[in-house]
Amino acid sequence: MKILFFYIVSGLTICVAQNKQVLYEWENPAQSLLLNPGTSVEAEYHYGIPFLSQIHINAGSSGVSVFDIFGEDGRDINDKIREKIFELDNKDFFTVSQQLELFNFGWRSKNDTYFSGGIYQELDVIAYFPKDFAILAWEGNRDYLGYEFDFGDINLQGDLLTVYHFGINKKLNKKLTVGLRLKVYSSMLSFRSTNNGGTFTTTQGEGTPNVYEHTISNLDLQVETSGYASLRDAETNGERTNALLGGAFFGGNLGVGIDAGVTYAVTDKIEATASVLDLGAIFHRRDTENYRASGNYTLDGIELIFPEIVDGQTTFPYYSDLEDEVEREIPIDTLNNSYSQFRPAKINAGLTYNFGRTISSSGDCDCRNMGGKRTTTEAVGIQYYNIFRPKGPQMAGTIFYRKRFGNWLSTKATYTVDSYSAKNIGLGVSLNLGNINFYVAADNLLDYGNIAKAKSVSLQLGFNVIVDQE
């Protein structure tokens with residue numbers, strides 16, 4: 001399984017998917033506003049249950065599934081690992097993310113502006129596959145004389161933070177709705193090692209007492225951290241917890257960002273949406289500890305000397321001498337300088353064509369609707385999602401068909417192409433009972449026969465409290 005996350009929305013949601021942005025976007029203002037601050041909101045107000053309005057855990061890989069390695073297909077596991085090492089490239093990635101919303105809320109003012117806000121905690125880690133060093137570790141360097149193993153393949157970063165957000169949403173006219181959300185980031189823990197360089201090469205030695213020369217050239221390897229030193233130095237779990245909580249509530253490294261979105265009714269049937277999320281940065285000034293190794297070094301091998309040894313005398317300290325020599329030629333510097341880090345910005349866009357009968361708020365046919373937002377029995381559309389990562393954007397595209405039965409039942413079918421699969425078929429159902437909304441949705445239905453083969457699998461279900469306008 002290449003992606004796995006559990007996602008709880010205003011009650012309970014269990015979700016396994018590539019990303020929540022291209023999944024089922026029901027009439028839920030809390031989540032719709034987080035994806036697009038400029039979405040069209042019909043609710044009078046909404047609220048989420050504290051600590052249950054959103055929980056999401058995600059772990060995945062773009063290039064290898066559980067079945068690829070552990071599937072019982074009669075092949076040796078070592079052969080399968082070797083095959084995947086050579087099949088993956090240095091742009092394949094592994095991700096872990098998690099989100100816990102502490103609470104959210106929203107209300108409509110007298111001038112018809114919709115305000116919303118909340119707090120959520122987020123973990124986001126991505127590590128790219130270091131192909132050159134995976135080959136070196138698995139195969140050794142005997143068959144790779146003259147090949148330059150690139151330290152630039154080492155690329156990873158992670159953040160644990162709390163996000164405080166508040167936004168406004170305003171329908172300017174019958175066609176245009178805009179929204180803006182301000183975010184304040186409070187970082188608890190951060191690390192990154194992204195702009196590395198240098199090579200490791202093994203060549204045939206000339207005029208040396210050993211056969212091979214191992215050379216590290218132009219090495220520049222960096223790791224930047226904040227919040228790590230205080231956790232490392234803490235002596236008890238209580239001290240570690242206090243260090244994390246201090247960073248969560250404005251006691252750590254702060255940053256700012258914005259979300260912006262727009263919804264435009266091209267016609268009374270066609271609606272276009274677009275949003276940009278997490279356009280901002282975190283400024284790491286406190287509790288920073290950074291490491292840097294740079295330099296050049298050539299090892300001609302270790303020439304063994306066999307002198308006569310008397311009782312109680314040890315041999316030459318070959319390896320400790322080698323360690324000292326490497327540290328002298330390639331020193332590791334520990335620094336406490338500050339650094340800034342951009343958040344991974346995201347782009348969402350969509351186009352929806354509504355058709356069929358127009359439905360009123362009571363769920364009956366509203367055939368004389370002459371203006372305003374049209375809620376129709378059927379719709380088709382496309383959605384686009386993009387997140388900017390250290391080695392380039394990761395994109396996904398979805399087409400969908402939605403069918404409503406009155407104002408109480410809605411169904412949606414999707415087809416998604418992303419970094420994990422080109423055959424992702426999904427289905428969802430949404431049910432309204434008074435002010436309570438319940439929905440269930442699943443992706444990758446074609447892989448449910450053997451879920452371990454799936455590149456991404458999703459299952460969502462959730463409860464929401466929504467009060468619509470009269």
Side-chain angles (χ1 to χ4, degrees), residues 2-3 5 18-19 21 56-63 88-99 120-134 150-163 183 185-198 219-232 243-244 247-248 252-257 277-294 332-347 385-395 419:
K2 290 192 179 178
I3 207 79
F5 72 67
Q18 180 213 354
N19 58 70
Q21 284 77 4
H56 135 234
I57 302 173
N58 168 26
S61 163
S62 66
L88 299 174
D89 63 38
N90 60 6
K91 289 189 177 181
D92 281 301
F93 55 88
F94 303 86
T95 59
V96 175
S97 62
Q98 169 269 335
Q99 196 171 93
Y120 64 87
Q121 169 266 319
E122 180 179 326
L123 169 71
D124 182 44
V125 178
I126 182 170
Y128 287 91
F129 180 64
K131 181 166 185 174
D132 276 4
F133 289 95
D150 187 5
F151 282 94
D153 280 2
I154 300 174
N155 192 307
L156 70 161
Q157 67 178 32
D159 290 282
L160 177 64
L161 67 155
T162 303
V163 182
K183 291 181 173 179
Y185 308 113
S186 184
S187 175
M188 292 179 274
L189 179 66
S190 176
F191 66 88
R192 71 174 180 181
S193 180
T194 54
N195 297 312
N196 298 308
L219 177 66
D220 188 5
L221 193 63
Q222 300 183 62
V223 179
E224 295 173 311
T225 74
S226 72
Y228 163 72
S230 59
L231 290 177
R232 181 199 59 206
L244 286 176
N253 296 287
L254 302 179
V256 293
L277 309 180
D278 286 312
L279 196 62
I282 299 176
F283 308 100
H284 299 277
R285 300 290 184 267
R286 302 175 58 184
D287 197 19
T288 59
E289 189 166 286
N290 309 321
Y291 312 95
R292 182 175 184 178
S294 59
I332 299 177
D333 298 321
T334 301
L335 309 170
N336 300 106
N337 55 301
S338 60
Y339 65 97
S340 300
Q341 178 184 10
F342 287 108
R343 296 287 295 145
K346 309 167 188 69
I347 295 175
Y385 169 74
N386 184 2
I387 180 171
F388 292 92
R389 292 296 195 180
K391 287 194 175 184
Q394 297 170 7
M395 295 173 283
S419 302

Would you say the side-chain atoms of Asp92 pair up with the backbone N or O of Phe129, donor to acceptor, closer than 3.5 Å? no
Test Asn90 against every option in Asp150, Asp153, Asp132, Asn155 by the side-chain hydrogen bond (donor to acceptor under 3.5 Å, both in side chains) rule and name the one that passes. Asp153
Do Asn337 and Asn290 meet the criterion of a side-chain donor-acceptor pair at a distance under 3.5 Å? yes
I'd like to know if the side chain of Thr288 reaches the main chain of Asn336, judged simply by a donor and an acceptor atom lying under 3.5 Å from each other, with no hydrogens or angles considered. yes
First locate atom CD of Gln394, then atom CZ of Phe93, and finally report the distance between them rounded to the nearest 0.5 Å. 3.5 Å
Which value, rounded to the nearest 0.5 Å, describes the distance between Phe191 atom CZ and Asp159 atom CG? 8.0 Å
Taking all non-hydrogen atoms of both residues into account, name the closest pair between Ser187 and Leu161 and its distance. CA-CB, 3.9 Å
Using side-chain hydrogen bond (donor to acceptor under 3.5 Å, both in side chains) as the criterion, list what pairs up with Asp287, not counting sequence neighbours. Ser230
Is the backbone of Arg286 close enough, under 3.5 Å, to the side chain of Asn253 for a donor and an acceptor to pair up by distance? yes
With sequence neighbours left out, what residues match Ser186 under side-chain hydrogen bond (donor to acceptor under 3.5 Å, both in side chains)? none
Salt bridge (Lys or Arg N to Asp or Glu O under 4.0 Å) partners for Lys131, two or more places apart: none
Could you give the distance from CG (Leu254) to OH (Tyr185), rounded to the nearest 0.5 Å? 12.5 Å
Reference residue Tyr291; test side chain to side chain contact (heavy atoms under 4.5 Å, CB included); the match among Leu335, Thr334, Leu221, Asp333: Thr334
For Ala293 and Ile332, the nearest pair of non-hydrogen atoms, with its separation, is CB-CG1, 4.0 Å
Once ring pair (Phe, Tyr, Trp, His ring centres under 6.0 Å) is applied, do any residues pair with Phe133, and if so which ones, sequence neighbours excluded? Phe151
With sequence neighbours left out, what residues match Tyr128 under side-chain hydrogen bond (donor to acceptor under 3.5 Å, both in side chains)? none
With Ala281 via side chain to side chain contact (heavy atoms under 4.5 Å, CB included) - residues at least two apart: Phe283, Phe342
Go through the structure and list residues passing side-chain hydrogen bond (donor to acceptor under 3.5 Å, both in side chains) with Gln157, not counting sequence neighbours. none
Only counting residues at least two apart or in another chain, list the ones meeting salt bridge (Lys or Arg N to Asp or Glu O under 4.0 Å) with Asp124. Arg389
Hey, are the side chains of Phe94 and Val125 touching, using non-hydrogen atoms and a 4.5 Å cut-off? no
With Asn195 via side chain to side chain contact (heavy atoms under 4.5 Å, CB included) - residues at least two apart: none
Please identify each residue that fulfils side chain to side chain contact (heavy atoms under 4.5 Å, CB included) with Ser338, with sequence neighbours left out. Arg285
Going by the rule side chain to side chain contact (heavy atoms under 4.5 Å, CB included), which residues pair with Gln222 if we only count those two or more places apart in sequence or in a different chain? Asn196, Asp220, Arg292
Under the rule for ring pair (Phe, Tyr, Trp, His ring centres under 6.0 Å), what residues qualify as partners of Tyr339, not counting sequence neighbours? His284
Between the CD1 atom in Ile126 and the OG atom in Ser97, the distance rounded to the nearest 0.5 Å is 10.0 Å
Do Gln341 and Glu224 come close enough that some side-chain heavy atom pair is under 4.5 Å? no
Kindly indicate whether the side chain of Phe388, heavy atoms from C-beta on, has any atom under 4.5 Å from the side chain of Pro344. no
Is there a side-chain contact between Gln121 and Met188, using heavy atoms and a 4.5 Å cut-off? yes
Closest non-hydrogen contact found for Gly227 with Leu189 is C-CD1, 3.7 Å
